[in-house]
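Handing you a structure now.
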Amino acid sequence: MQSSGDTPGKDVKSDLAPTDDFETLKYQLLGPSLTKAGQDSVDQQKVGLVVSEVIYNASKGSKFFNHEQDRDRNLTLKIERILKQKARLETLDLSHDLRRADEYLAELELSRDLSQHIIHVDCDAFFAAVEELDRPELKTVPMAVGKGVLTTCNYVARKFGIRSGMASFVAKKLCPQLVLLPQNYEKYTEKAKEMRTIMAEYDPLFESASIDEAYLNITAYCDENQLNPEEAVQRMRAEILETTQVSVSAGIAANAKIAKICSNINKPNGQFRVPNERTAIMEFMRELPVRKVNGVGRVFERELESIGVKKCGEIFPQRALLTKLFGEKAFQFLAQCYLGLGRTKIEPVETHERKSVSTETTFHELGDKEALRAKLWWAAQELEKDLARTQFKGRTLALKVKLHTFEVLTRQTAPSRAVSRAQDLYSFALPMLAKLEKDIPGLELRLLGLRCSNLVSTQKAGINFFGAITNPKPETKVTDEATVNAESNHEIDAEEAFEAAARQEAQEEMNDLEQLSQDASLVPTTPQREESVATEDPPLWDCPICGRPQSADDRTFNEHVDFCLSKRTIREAVQATEETEVAPNPPPTRKRKVPSQSGALEDDPKQKRLFFQ
DNA sequence: GCGGATCAC
DNA sequence: TATGGTGATCCGC
C-alpha cells in the first residue's frame, strides 16, 4: 500500500523482487496481494522481508508448498526457454518484425482518444470497513474478514504484512492478536448498493467491476456542472463518505486502464489523476512497473523481467521480439501499456453476456468413492440453484477436481441437450469422475466443482435493461399444458415424452435462429422460452445413485438421493452410469452471437470481469 | 473443441 | 493441522 507521502506513479522496483531460485519461490508464496500493491516505503520493504520469511517457514514441507515449488520450477524452465528463444531470434534479421511492430504502434496511436474523463472508484478495505461500522472498536486493532483464506483486512492488519488472499493460519503467525470475522456478504452488498446510488448521479451508465469497484465516465457530469474532473471526484468521494461512512479511492485518467492504476496510488481515501495529455501519459507509463497494470500477474511479470522489461517504458526496445516470445495478443496488450492506451467505453455490467456458471468446494482430502459422489451430488444441487437464479442452461458441462497434491484437472462433456437440473448435471458428470478414478489409481481430492458453459437462456419475458419489452413465446402455452399434463399423470407415457422432447429440440433450434438475428449489443440476454423441462422429464425421476424412479418433487427426490448415497449403493451406480449410453444426439453447433470486440482497446485482453447481482 | 494456465477480486 | 470461490481469456494441441 502506498502512503500518501510517496511520489505517485514513480514506484521503484520492490526489494521483494526475486533474485534466485529460493527467492522466486518466496516471492511466489507472498501471494498476489503483497506483490501487486508493492511495498513502497523503505519500512514496508523491511517488513516484507520478514513477512516473506515467516510465510516461507509456515508453508515449508506442506503439500501446498510442494505444489508451489513445482510451479515455480516450471516457470523457471519456461523462462529459460524464452531466453534461449530470444537469443536465437537476436541472431536473425528482425527488421520485418520491427516494422510490423512500429506499424501497429502507429495504428494504435491514431486511435488515441483524450476526450473522455474516466474514473475508477475503489473502496478502501471494503469488507473490513463495513464491519468496522458495526463494531467501531475494531478500527484500532488488526482485523480481517474471511476464514481459511482472508478476503480483506483493515489497514492496521496490513502493517503486519497481512493481505487479502493470505491463509489465515499464516496471518495468525504474522499477527497472533489478529481478529478474524466471518464474511457477511449480504451486508456488503447492501452497502455497495448505497454507494452505487451515489455513483449513478455522476454517471448513470457506470460500470460495476466488482462488489467494491466501479468505472465511471464523468465527462458529461463535468461539463454540466462546470467542474474539472478532480473537483468532481472530490465531490463524489466526499458524498460517498458522508452518506455511507465508507471511504473510497479514485483514479482519474483518459481511459479505464490508467484510471485503474491511479486509484491505487493515493489509497486509502485519496485520488490521483493523470492528465489527458499524450506526453503526461507517456511519462507516467514509462516509469510504471508492468506489474501494476491489470492483466500482468506474477507469472507474466517474471517472464517480462527475464527479458529486461520491468517498467512499461522498457517495452519499446523489445517490441520486435514480443510477438514471437509471448504471442500476438500479448504483444498488442504490451503495446497498449507502452502507449498508455485503454478503453474509454464504460457501460453497465448488465449489457455484458455471461459465459459460464459454476460452483466448487474445497474439503478435507477424500478418496472414498461414495463420499466423492456425495460431493458431486452436492455440487450438482448447488449448480442447479445457480442456474435457476441466473436463468440459464448449459450445453457444456465441466468437472473440475483438485488432487490432494493441489494439481487441478478439468474434464468436460457436451450433453445431448442443454442441462440445468441436478440429476442431469450429476448423471453427465459422474462418468467423467468415474473415468478419472479409473485413470488415476488412488485418486484423492481436495476440491470438486461443476461448471456449465455454452449457455442457453431460460429467461422469461420481461423488461430488459433498456426498457424494451421482450416477447414471450407463443409456444409457452403449449409447454405449460404439457407440464400440467405430466404432473397430473404419474404414468410415464414414452410416446408423449418423446414428442415433448422433439418439440423442445425444435424450439431450441428456433431459439438459436432467433438469437442469431438479434442485435446482441442491445439485448444482453435474449429471452428464449418458458421453462419446459417438465415436458422432457417424466413425473418420476430416476435416482442418479440407485437408478430407481422416485417422486419428482424436488425435496422428496433430494432426500431420497441423500439417503441413497448414505446406503452404500455406489458401486452399482458407477457401473450403471458407465454403461448408460449418453444420448448421441449432437447439440446444434450454432453459437450464440457474441458482442463484437475490437480487441484493439480492451482494458485487458485476457479477461473481462463481470459482476452479477 | 478440450485441457491447462493465468489473472482478477 | 492448515492455503477460497467465481468468472474470464489465451495458448497449444
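Worth knowing before you read on, the calculation uses all heavy atoms, side chains too, and leaves out hydrogens, waters and symmetry mates. Every value quoted in this text rests on a predicted model; they were computed, and no experiment measured them.
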For A:Gln318, check side-chain hydrogen bond (donor to acceptor under 3.5 Å, both in side chains) against everything at least two apart and list the hits. none

Sequence-distant partners of A:Arg446, salt bridge (charged side-chain N to carboxylate O under 4.0 Å, His left out), two or more places apart: none

Taking DNA chain B as the partner, which of residues 58-69 of chain A come within under 4.0 angstrom of it by heavy atom? none

Restricting to side-chain hydrogen bond (donor to acceptor under 3.5 Å, both in side chains), what partner residues turn up for A:Glu382, sequence neighbours left out? A:Lys385

Apply salt bridge (charged side-chain N to carboxylate O under 4.0 Å, His left out) to A:Glu53 and list each qualifying residue two or more places apart in sequence or on a separate chain. A:Lys26

With rounding to the closest Å, how many angstrom separate the P atoms on C:dT3 and B:dA8? 23 Å

Closest nucleotide of DNA chain B for A:Glu407 versus for A:Thr396: which of these residues is on the 5' side? A:Thr396

Sequence neighbours left out, what passes side-chain contact (heavy atoms from CB on, under 4.5 Å) with A:Lys324? Give chain and number order. A:Gln85, A:Leu89, A:Asp97

A:Ser164: partners by side-chain contact (heavy atoms from CB on, under 4.5 Å), with sequence neighbours left out: A:Ser33

Atom pairs, protein N/O to nucleotides 11-13 of chain C N/O, distance under 3.5 Å:
none

List in chain and number order the residues that pass side-chain contact (heavy atoms from CB on, under 4.5 Å) with A:Glu365, two or more places apart in sequence or in another chain; answer none if no residue qualifies. A:Lys63, A:His404, A:Glu444

Treating A:Ser168 as the side-chain partner and A:Gly148 as the backbone partner, does any N or O pair qualify as donor plus acceptor under 3.5 Å? yes

